[in-house]
Protein chains: 2
Amino acid sequence: MGVTKTQNFSGAQNRVARIAKVLGHPARIAILEYLIKQQVCICGDLVDVLPLAQATVSQHLKELKAAGLIKGEVEGTSVCYCINEPVWEEARDILLNLFNLPLSNASCCK
Amino acid sequence: MGVTKTQNFSGAQNRVARIAKVLGHPARIAILEYLIKQQVCICGDLVDVLPLAQATVSQHLKELKAAGLIKGEVEGTSVCYCINEPVWEEARDILLNLFNLPLSNASCCK
DNA sequence: ATAGTATATCGTAATATTACGATATACTGT
DNA sequence: ACAGTATATCGTAATATTACGATATACTAT
């Protein structure tokens with residue numbers, strides 16, 4: 001993403017942006033939706049379900065894991081991925097905080 | 001952002017990702033927070049407030065405008081930028097839809 | 001008309017992202 | 001031990017993002 005002067009913005013601003021950035025790719029949305037929907041998180045299935053190569057899916061999973069939104073558990077040969085609920089909820093709250101700020105400029109700009 | 005096989009994902013997935021992507025940079029979060037806070041959206045001020053060059057601020061504003069989250073109105077020499085409420089609320093709803101999906105895997109992965 | 005101010009756009013360097021094939025790693029069953 | 005399966009990592013090409021100086025555009029006041 002180019003250079004991004006992260007250090008010049010507040011911790012809170014960076015936190016919102018970080019979460020949003022991870023959500024900023026349709027493949028990662030698809031992965032999250034799949035993990036949310038499945039009772040059992042059979043996760044090799046993701047490679048079958050998604051229109052992407054195995055290496056690419058693995059890379060997206062890595063980013064979601066790095067952001068803490070999902071967690072993975074080795075189960076024999078395969079790995080079980082799931083939503084990491086506490087972080088997932090924290091992410092929702094952080095985004096909601098932004099959207100719930102009171103708009104004070106109702107009459108501004110037509 | 002590399003190639004992004006957008007066309008292989010659903011419209012809904014792309015919509016979520018598109019919104020999140022725009023929110024995925026601290027400068028744009030800072031801009032949005034500023035516009036939300038200010039009663040009057042004196043917008044040349046953004047250049048003073050943000051730790052970025054004028055051209056860079058303009059570029060971020062353009063992206064926010066392209067996503068529909070803000071709107072701009074020329075006022076003499078300067079331009080007044082504001083939150084575009086309908087789209088802003090739609091964005092919140094689209095993100096909330098994702099976070100409000102029922103998690104069916106409470107007992108999955110330790 | 002001219003100078004001054006504000007914002008947008010252009011061009012471009014540095015860096016990040018996306019995607020995938022190839023390969024490495026790790027486990028399972030024989 | 002060995003072959004087979006599942007996942008992760010490496011290397012890399014194509015493309016996107018970020019940032020900024022320079023310049024263009026647009027309006028205002030004199």
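Everything numeric in this text was worked out from a predicted model, so none of it was measured. First the proteins, then the strands, lettered A, B, ... as listed; each starts at 1.
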Output the rounded distance in Å from [atom1] ([X]) to [atom2] ([N]).
{"X": "B:R28", "N": "D:dT17", "atom1": "CZ", "atom2": "P", "value": "9 Å"}
{"X": "A:L52", "N": "C:dG21", "atom1": "CG", "atom2": "C1'", "value": "14 Å"}
{"X": "B:L46", "N": "D:dA19", "atom1": "CG", "atom2": "P", "value": "15 Å"}
{"X": "B:K5", "N": "C:dA19", "atom1": "NZ", "atom2": "C1'", "value": "7 Å"}
{"X": "A:F9", "N": "D:dT18", "atom1": "CZ", "atom2": "P", "value": "11 Å"}
{"X": "A:L23", "N": "C:dT18", "atom1": "CG", "atom2": "P", "value": "12 Å"}
{"X": "B:I31", "N": "D:dA19", "atom1": "CD1", "atom2": "P", "value": "10 Å"}
{"X": "B:N8", "N": "C:dT18", "atom1": "CG", "atom2": "C1'", "value": "13 Å"}

| query | Can you tell me the Watson-Crick or wobble partner of C:dA13, both distances under 3.5 angstrom? | reply |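 D:dT18 - that is the nucleotide pairing with C:dA13, both distances being under 3.5 Å.
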
| message | Is it the case that the side chain of A:N84 and the backbone of A:K71 share a donor-acceptor pair, with hydrogens and angles ignored and the cut-off at 3.5 Å? | response |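 No; zero donor-acceptor contacts below 3.5 Å.
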
Shorter than 3.5 Å, N or O on both sides, protein versus nucleotides 7-10 of chain C: list them out with atom names.
| residue | atom | partner | partner atom | Å |
| --- | --- | --- | --- | --- |
| C:dT7 | OP1 | B:G44 | N | 3.3 |
| C:dT7 | OP1 | B:V79 | N | 3.2 |
| C:dA8 | OP1 | B:Y81 | OH | 2.5 |
| C:dA8 | OP2 | B:S58 | OG | 3.0 |
| C:dA8 | N7 | B:Q54 | NE2 | 2.7 |
| C:dA8 | N6 | B:Q54 | OE1 | 2.9 |

| message | Hydrophobic clustering (ILVMFWY, side-chain heavy atoms < 4.5 Å, transitive) - are A:L69 and B:L96 grouped together? | response |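 No, because B:L96 and A:L69 fall into different hydrophobic clusters, even though each may have its own neighbours under 4.5 Å.
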
| message | Is the phosphate of D:dT17 approached by A:K21 (side-chain N or O, under 4.0 Å from OP1 or OP2)? | response |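 It does not, given that no N or O in the side chain of A:K21 lies less than 4.0 Å from OP1 or OP2 of D:dT17.
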
| For B:H60 and D:dT17, is the shortest distance between a side-chain N/O and OP1 or OP2 below 4.0 Å? | no

| Which atom pair, heavy atoms only, marks the closest approach of B:T6 to B:N14? | O-ND2, 3.0 Å

| So, for B:C43 and B:C41, which heavy atoms are closest and what is the spacing to 0.1 Å? | SG-O, 2.6 Å

| note | Residue set satisfying ring-ring contact (aromatic ring centres under 6.0 Å, His included) with A:F9, at least two apart, ordered chain then number -> none

| task | Could you list the residues that satisfy side chain to side chain donor-acceptor pair (under 3.5 Å) with A:E63, not counting sequence neighbours? | result | A:R28

| query | Looking for any heavy atom pair under 4.0 Å, which part of the strands does A:E75 touch: base, sugar-phosphate only, or nothing? | reply | nothing

| task | Would you give the length of the straight line joining atom CD1 of A:I31 to atom NE2 of A:H25, rounded to the nearest 0.5 angstrom? | result |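 Going from CD1 on A:I31 over to NE2 on A:H25, the span is 9.5 Å.
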
